[in-house]
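These numbers were taken from a predicted model, which means no experiment stands behind them. Values reported hereafter were calculated over all heavy atoms of this structure, with side chains retained and with hydrogens, waters and symmetry mates removed.
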Amino acid sequence: VQFTRLLPERATVDASDLLAALSASRAPAQRPYAIANFVASADGHIATQGRSGALSDPGDRALFHMLREHADAVLAGTNTLAVESYGRMIKSEEARARRLAAGRSAEPLACVISASGVIPLGIPLFAEPEAHIVLFSPTAPEPGTSSARIDFVQTDPHAGSPLREALRTLRVDFDVRTLLFEGGPTLMRSLLTEGLLDELFLTLAPRLTGGGEPSLIAPPPLPELLGLRLRWLLHREDSLYARYAIPHA
Ligand SMILES: NC(=O)c1ccc[n+]([C@@H]2O[C@H](COP(=O)([O-])OP(=O)(O)OC[C@H]3O[C@@H](n4cnc5c(N)ncnc54)[C@H](OP(=O)(O)O)[C@@H]3O)[C@@H](O)[C@H]2O)c1
(Lines give C-alpha, C1' and ligand atoms only; values in the text may rest on other atoms or scores of the structure.)
Protein backbone atom coordinates (compact mmCIF):
# COMPACT_ATOMS: atom_id res chain seq x y z
CA VAL A 1 0.00 0.00 0.00
CA GLN A 2 1.42 3.37 -1.02
CA PHE A 3 1.05 6.73 0.70
CA THR A 4 1.96 10.28 -0.19
CA ARG A 5 4.12 11.65 2.57
CA LEU A 6 3.26 15.33 3.04
CA LEU A 7 5.69 15.99 5.92
CA PRO A 8 8.58 16.22 6.65
CA GLU A 9 9.18 16.32 2.87
CA ARG A 10 6.92 15.23 0.07
CA ALA A 11 7.54 11.70 -1.27
CA THR A 12 5.74 8.53 -2.26
CA VAL A 13 6.31 5.87 0.39
CA ASP A 14 5.31 2.26 0.80
CA ALA A 15 4.14 0.74 4.09
CA SER A 16 7.27 -1.47 4.06
CA ASP A 17 9.55 1.63 3.81
CA LEU A 18 7.87 2.92 6.96
CA LEU A 19 8.73 -0.29 8.83
CA ALA A 20 12.44 0.39 8.16
CA ALA A 21 11.98 3.94 9.49
CA LEU A 22 10.73 2.59 12.83
CA SER A 23 13.56 0.28 13.73
CA ALA A 24 15.73 3.02 15.23
CA SER A 25 13.49 3.49 18.28
CA ARG A 26 15.35 3.06 21.57
CA ALA A 27 13.89 1.52 24.69
CA PRO A 28 14.59 3.04 28.11
CA ALA A 29 16.03 0.63 30.72
CA GLN A 30 12.86 0.33 32.82
CA ARG A 31 10.14 -0.02 30.20
CA PRO A 32 9.65 -0.63 26.47
CA TYR A 33 9.47 2.16 23.91
CA ALA A 34 5.68 2.40 23.59
CA ILE A 35 3.70 3.34 20.50
CA ALA A 36 -0.08 3.83 20.54
CA ASN A 37 -2.08 3.30 17.34
CA PHE A 38 -5.64 4.57 16.89
CA VAL A 39 -8.08 5.43 14.13
CA ALA A 40 -10.45 8.34 14.76
CA SER A 41 -13.21 10.02 12.80
CA ALA A 42 -12.78 13.62 11.64
CA ASP A 43 -14.89 14.64 14.66
CA GLY A 44 -12.59 12.77 17.04
CA HIS A 45 -14.46 9.56 17.83
CA ILE A 46 -12.82 6.13 17.86
CA ALA A 47 -15.83 3.86 17.41
CA THR A 48 -19.21 3.67 15.79
CA GLN A 49 -21.78 1.48 17.50
CA GLY A 50 -19.05 0.30 19.86
CA ARG A 51 -16.50 -0.85 17.27
CA SER A 52 -13.70 0.76 15.25
CA GLY A 53 -13.80 -1.30 12.02
CA ALA A 54 -16.07 1.07 10.06
CA LEU A 55 -13.53 3.88 10.52
CA SER A 56 -10.63 1.90 9.12
CA ASP A 57 -9.46 1.71 5.49
CA PRO A 58 -6.71 -0.12 3.54
CA GLY A 59 -4.09 2.50 4.49
CA ASP A 60 -4.97 2.23 8.18
CA ARG A 61 -4.89 -1.56 7.99
CA ALA A 62 -1.47 -1.48 6.27
CA LEU A 63 -0.09 0.68 9.10
CA PHE A 64 -1.78 -1.52 11.73
CA HIS A 65 -0.11 -4.66 10.32
CA MET A 66 3.20 -2.89 9.75
CA LEU A 67 3.27 -1.82 13.41
CA ARG A 68 2.44 -5.33 14.59
CA GLU A 69 5.23 -6.74 12.45
CA HIS A 70 7.63 -4.26 14.04
CA ALA A 71 6.55 -4.78 17.67
CA ASP A 72 8.04 -7.13 20.25
CA ALA A 73 4.73 -7.08 22.12
CA VAL A 74 1.17 -5.85 21.62
CA LEU A 75 -1.03 -4.53 24.43
CA ALA A 76 -4.77 -3.87 24.28
CA GLY A 77 -7.27 -3.22 27.07
CA THR A 78 -9.52 -6.07 28.13
CA ASN A 79 -12.62 -4.33 26.69
CA THR A 80 -10.90 -3.87 23.34
CA LEU A 81 -9.77 -7.50 23.31
CA ALA A 82 -13.36 -8.59 23.92
CA VAL A 83 -15.20 -6.13 21.66
CA GLU A 84 -12.78 -6.52 18.75
CA SER A 85 -12.57 -10.30 19.32
CA TYR A 86 -8.78 -10.49 19.18
CA GLY A 87 -7.11 -13.49 17.59
CA ARG A 88 -3.45 -14.23 16.86
CA MET A 89 -1.19 -11.24 16.33
CA ILE A 90 0.19 -11.96 12.85
CA LYS A 91 -1.88 -13.96 10.41
CA SER A 92 0.24 -13.35 7.29
CA GLU A 93 2.67 -16.23 6.66
CA GLU A 94 4.97 -13.82 4.79
CA ALA A 95 5.13 -11.41 7.73
CA ARG A 96 5.82 -14.28 10.14
CA ALA A 97 8.60 -15.55 7.84
CA ARG A 98 10.15 -12.06 7.65
CA ARG A 99 10.28 -11.86 11.44
CA LEU A 100 11.80 -15.35 11.74
CA ALA A 101 14.39 -14.49 9.07
CA ALA A 102 15.33 -11.42 11.12
CA GLY A 103 15.98 -13.65 14.16
CA ARG A 104 12.79 -12.68 15.96
CA SER A 105 9.81 -14.68 17.22
CA ALA A 106 7.15 -15.33 14.55
CA GLU A 107 4.68 -13.08 16.37
CA PRO A 108 4.82 -10.39 19.03
CA LEU A 109 3.85 -11.30 22.59
CA ALA A 110 0.21 -10.57 23.38
CA CYS A 111 -0.05 -8.63 26.66
CA VAL A 112 -3.18 -8.60 28.77
CA ILE A 113 -3.49 -6.40 31.85
CA SER A 114 -6.45 -6.50 34.20
CA ALA A 115 -7.02 -4.90 37.57
CA SER A 116 -10.27 -6.80 38.15
CA GLY A 117 -9.06 -10.25 37.10
CA VAL A 118 -11.99 -10.56 34.67
CA ILE A 119 -10.26 -11.78 31.50
CA PRO A 120 -12.12 -12.31 28.18
CA LEU A 121 -10.96 -15.92 27.88
CA GLY A 122 -13.55 -16.68 25.19
CA ILE A 123 -11.82 -14.63 22.46
CA PRO A 124 -9.97 -16.49 19.65
CA LEU A 125 -6.55 -15.37 21.00
CA PHE A 126 -6.83 -17.73 23.97
CA ALA A 127 -7.73 -20.67 21.69
CA GLU A 128 -4.68 -20.14 19.47
CA PRO A 129 -1.96 -22.75 20.26
CA GLU A 130 0.77 -20.62 18.66
CA ALA A 131 -0.04 -17.46 20.61
CA HIS A 132 2.20 -16.45 23.51
CA ILE A 133 0.36 -14.33 26.08
CA VAL A 134 1.72 -12.51 29.11
CA LEU A 135 -1.16 -12.03 31.53
CA PHE A 136 -0.91 -9.49 34.36
CA SER A 137 -3.78 -10.05 36.75
CA PRO A 138 -4.46 -10.45 40.49
CA THR A 139 -5.90 -13.93 39.85
CA ALA A 140 -4.67 -16.77 37.66
CA PRO A 141 -6.99 -18.27 35.04
CA GLU A 142 -8.26 -21.79 35.72
CA PRO A 143 -5.88 -24.40 34.26
CA GLY A 144 -7.05 -25.72 30.89
CA THR A 145 -9.08 -22.63 29.97
CA SER A 146 -6.70 -21.69 27.15
CA SER A 147 -4.78 -23.44 24.36
CA ALA A 148 -2.34 -20.53 24.06
CA ARG A 149 0.89 -20.40 26.00
CA ILE A 150 0.27 -18.09 28.97
CA ASP A 151 2.92 -16.60 31.23
CA PHE A 152 0.95 -15.44 34.26
CA VAL A 153 2.32 -12.54 36.33
CA GLN A 154 0.39 -11.94 39.53
CA THR A 155 -0.32 -8.31 40.36
CA ASP A 156 -1.09 -6.87 43.78
CA PRO A 157 -4.74 -5.68 43.82
CA HIS A 158 -3.94 -3.21 46.63
CA ALA A 159 -0.90 -1.58 45.00
CA GLY A 160 -2.73 0.87 42.69
CA SER A 161 -2.21 0.74 38.93
CA PRO A 162 -0.04 -2.24 37.97
CA LEU A 163 0.93 -0.70 34.62
CA ARG A 164 4.38 0.66 35.37
CA GLU A 165 5.47 -2.56 37.04
CA ALA A 166 3.97 -4.63 34.19
CA LEU A 167 5.91 -2.63 31.61
CA ARG A 168 9.08 -3.02 33.67
CA THR A 169 8.54 -6.79 33.73
CA LEU A 170 8.00 -6.83 29.96
CA ARG A 171 11.24 -4.93 29.42
CA VAL A 172 13.44 -6.72 31.96
CA ASP A 173 12.09 -10.30 31.98
CA PHE A 174 10.71 -10.61 28.44
CA ASP A 175 13.20 -8.33 26.62
CA VAL A 176 10.38 -6.28 25.07
CA ARG A 177 11.94 -3.20 23.49
CA THR A 178 9.04 -1.99 21.37
CA LEU A 179 5.50 -2.22 22.72
CA LEU A 180 2.55 -1.50 20.45
CA PHE A 181 -0.55 -0.29 22.30
CA GLU A 182 -3.81 -0.71 20.35
CA GLY A 183 -6.32 0.95 22.71
CA GLY A 184 -8.84 1.54 24.03
CA PRO A 185 -9.42 4.93 25.66
CA THR A 186 -9.52 3.70 29.28
CA LEU A 187 -6.12 2.05 29.14
CA MET A 188 -4.87 4.96 27.00
CA ARG A 189 -5.69 7.37 29.81
CA SER A 190 -3.77 5.26 32.33
CA LEU A 191 -0.70 4.96 30.09
CA LEU A 192 -0.65 8.69 29.36
CA THR A 193 -1.16 9.86 32.94
CA GLU A 194 1.59 7.49 34.08
CA GLY A 195 3.96 8.83 31.39
CA LEU A 196 4.43 5.46 29.70
CA LEU A 197 3.77 6.33 26.02
CA ASP A 198 6.32 7.65 23.54
CA GLU A 199 4.42 7.95 20.25
CA LEU A 200 0.93 8.14 18.83
CA PHE A 201 0.04 6.88 15.36
CA LEU A 202 -3.32 8.40 14.48
CA THR A 203 -5.37 7.72 11.38
CA LEU A 204 -7.81 10.54 10.73
CA ALA A 205 -10.65 8.85 8.88
CA PRO A 206 -12.78 10.90 6.47
CA ARG A 207 -15.96 10.20 8.43
CA LEU A 208 -18.21 12.06 10.84
CA THR A 209 -19.93 10.01 13.53
CA GLY A 210 -21.70 12.53 15.75
CA GLY A 211 -21.89 12.54 19.53
CA GLY A 212 -22.10 9.78 22.07
CA GLU A 213 -19.11 7.78 20.87
CA PRO A 214 -15.85 7.59 22.87
CA SER A 215 -12.82 9.67 21.97
CA LEU A 216 -9.15 8.69 22.14
CA ILE A 217 -8.87 9.19 25.90
CA ALA A 218 -11.52 8.27 28.47
CA PRO A 219 -12.69 10.93 30.99
CA PRO A 220 -11.87 12.72 33.20
CA PRO A 221 -9.72 15.28 31.33
CA LEU A 222 -5.94 14.96 31.64
CA PRO A 223 -4.52 17.07 34.49
CA GLU A 224 -2.93 19.39 31.91
CA LEU A 225 -2.82 19.78 28.14
CA LEU A 226 -0.34 17.40 26.58
CA GLY A 227 1.55 18.80 23.59
CA LEU A 228 2.54 16.51 20.70
CA ARG A 229 5.26 16.85 18.07
CA LEU A 230 4.42 15.85 14.51
CA ARG A 231 6.99 13.37 13.15
CA TRP A 232 5.30 12.67 9.83
CA LEU A 233 2.04 13.15 8.00
CA LEU A 234 0.92 10.73 5.31
CA HIS A 235 -1.99 10.96 2.93
CA ARG A 236 -3.87 8.31 0.97
CA GLU A 237 -7.21 8.85 -0.73
CA ASP A 238 -9.22 10.98 1.76
CA SER A 239 -7.43 9.82 4.92
CA LEU A 240 -4.55 11.39 6.86
CA TYR A 241 -2.07 9.37 8.90
CA ALA A 242 -0.14 11.29 11.54
CA ARG A 243 2.78 10.09 13.61
CA TYR A 244 3.33 12.14 16.76
CA ALA A 245 6.04 12.03 19.41
CA ILE A 246 4.75 12.41 22.98
CA PRO A 247 7.32 14.52 24.82
CA HIS A 248 8.07 13.67 28.45
CA ALA A 249 8.48 16.43 31.00
N1 LIG B 1 -10.44 3.40 16.96
C2 LIG B 1 -9.49 2.74 17.55
O3 LIG B 1 -8.34 2.82 17.11
C4 LIG B 1 -9.78 1.88 18.75
C5 LIG B 1 -8.73 1.16 19.34
C6 LIG B 1 -9.03 0.37 20.45
C7 LIG B 1 -10.29 0.35 20.97
N8 LIG B 1 -11.27 1.05 20.38
C9 LIG B 1 -12.63 1.03 20.94
O10 LIG B 1 -12.53 1.33 22.32
C11 LIG B 1 -13.58 0.68 23.03
C12 LIG B 1 -13.00 -0.08 24.21
O13 LIG B 1 -12.27 0.80 25.02
P14 LIG B 1 -12.51 0.95 26.60
O15 LIG B 1 -12.00 2.25 27.00
O16 LIG B 1 -13.93 0.59 26.88
O17 LIG B 1 -11.65 -0.22 27.23
P18 LIG B 1 -10.10 -0.63 27.13
O19 LIG B 1 -9.23 0.55 27.35
O20 LIG B 1 -9.88 -1.49 25.95
O21 LIG B 1 -10.00 -1.61 28.38
C22 LIG B 1 -10.24 -1.10 29.67
C23 LIG B 1 -9.80 -2.15 30.69
O24 LIG B 1 -8.36 -2.23 30.69
C25 LIG B 1 -7.93 -2.48 32.01
N26 LIG B 1 -7.16 -1.34 32.50
C27 LIG B 1 -7.21 -0.04 32.11
N28 LIG B 1 -6.37 0.71 32.84
C29 LIG B 1 -5.74 -0.15 33.69
C30 LIG B 1 -4.75 -0.01 34.69
N31 LIG B 1 -4.22 1.19 35.01
N32 LIG B 1 -4.37 -1.11 35.36
C33 LIG B 1 -4.89 -2.31 35.07
N34 LIG B 1 -5.84 -2.52 34.15
C35 LIG B 1 -6.24 -1.45 33.47
C36 LIG B 1 -9.16 -2.63 32.88
O37 LIG B 1 -9.48 -3.99 32.86
P38 LIG B 1 -10.25 -4.72 34.09
O39 LIG B 1 -11.63 -4.13 34.07
O40 LIG B 1 -10.21 -6.16 33.71
O41 LIG B 1 -9.52 -4.38 35.32
C42 LIG B 1 -10.16 -1.79 32.11
O43 LIG B 1 -11.49 -2.14 32.39
C44 LIG B 1 -14.26 -0.22 22.02
O45 LIG B 1 -15.41 0.46 21.55
C46 LIG B 1 -13.26 -0.33 20.89
O47 LIG B 1 -13.88 -0.56 19.64
C48 LIG B 1 -11.05 1.82 19.28
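Pairs passing the salt bridge (charged side-chain N to carboxylate O under 4.0 Å, His left out) check and including a residue from residues 215-237, sequence neighbours excluded, read Glu199-Arg231. Applying the salt bridge (charged side-chain N to carboxylate O under 4.0 Å, His left out) rule to pairs touching residues 9-22 yields Arg5-Glu9, sequence neighbours excluded. Note on residues 173-192: pairs passing salt bridge (charged side-chain N to carboxylate O under 4.0 Å, His left out), not counting sequence neighbours, are Arg68-Glu182, Arg171-Asp175, Asp175-Arg177. Judged as a ring-ring contact (aromatic ring centres under 6.0 Å, His included), not a single pair has a partner in residues 76-123 (not counting sequence neighbours). Within the structure, ring-ring contact (aromatic ring centres under 6.0 Å, His included) pairs that include any residue of residues 185-220 comprise Phe201-Trp232 (at least two apart or interchain). Judged as a salt bridge (charged side-chain N to carboxylate O under 4.0 Å, His left out), the pairs with a partner in residues 101-110 (not counting sequence neighbours) are, in order, Asp72-Arg104, Arg88-Glu107, Arg96-Glu107.
Put simply, the side chain of Ser85 never gets that close to the backbone of Ala82: no donor and acceptor are under 3.5 Å apart. Between the side chain of Asp43 and the backbone N or O of Leu208, no donor-acceptor pair lies under 3.5 Å. Looking at Ser114, its side chain never comes within 3.5 Å of a backbone N or O of Ser137 through a donor-acceptor pair. Checked by atom type and distance alone, the side chain of Thr203 never pairs as donor or acceptor with a backbone atom of Ala205 at under 3.5 Å.
Inter-residue side-chain proximity for Leu226 and Ile246 is flagged as met; some heavy-atom pair is nearer than 4.5 Å. The shortest distance between side-chain heavy atoms of Leu240 and Leu6 falls below 4.5 Å. Two residues are said to be in side-chain contact when any heavy atoms from C-beta on lie closer than 4.5 Å; Leu216 and Leu200 meet this criterion. Considering only heavy atoms from C-beta on, Leu67 stays 4.5 Å or farther from Val74 through its side chain. Counting heavy atoms from C-beta outward, Leu63 and Met66 have side chains that approach closer than 4.5 Å. Looking at Ser105 and Arg99, their side chains come closer than 4.5 Å, going by heavy atoms from C-beta outward. Counting heavy atoms from C-beta on, the side chains of Glu142 and Thr145 come closer than 4.5 Å. Side-chain contact between Pro141 and Ile119 is absent, with no heavy atoms from C-beta onward closer than 4.5 Å.
Contacts of Glu94 classified as side-chain hydrogen bond (donor to acceptor under 3.5 Å, both in side chains), with partners at least two apart in sequence or in another chain: Ser92. Checked against side-chain contact (heavy atoms from CB on, under 4.5 Å), Ala97 has no partners two or more places apart in sequence or in another chain. Among residues two or more places apart in sequence or in another chain, the side-chain hydrogen bond (donor to acceptor under 3.5 Å, both in side chains) test is passed with Thr193 by none. Every residue two or more places apart in sequence or in another chain that forms a side-chain contact (heavy atoms from CB on, under 4.5 Å) with Asp57 is listed here: Asp60, Ser239, Tyr241. A search for side-chain hydrogen bond (donor to acceptor under 3.5 Å, both in side chains) contacts involving Thr80 returns nothing, not counting sequence neighbours. Evaluation of the side-chain hydrogen bond (donor to acceptor under 3.5 Å, both in side chains) rule for Tyr244 yields no partner, not counting sequence neighbours.
Side-chain contact of Glu128 with Ser147: a donor-acceptor pair under 3.5 Å is absent, judged by distance alone. Under 3.5 Å, the side chains of Ser161 and Glu194 contain a donor-acceptor pair of N or O atoms.
Hydrophobic clustering of Ile, Leu, Val, Met, Phe, Trp and Tyr side chains at less than 4.5 Å, counting indirect connections, keeps Tyr33 apart from Val176.
Considering CD of Gln2 and CG of Leu234, their distance stands at 12.0 Å, rounded to 0.5 Å. If you take CD1 on Ile113 and CG on Leu81, they are separated by 10.5 Å, rounding to the nearest 0.5 Å. For the atom pair Ser41 OG and Ile46 CD1, the distance stands at 9.5 Å (nearest 0.5 Å).
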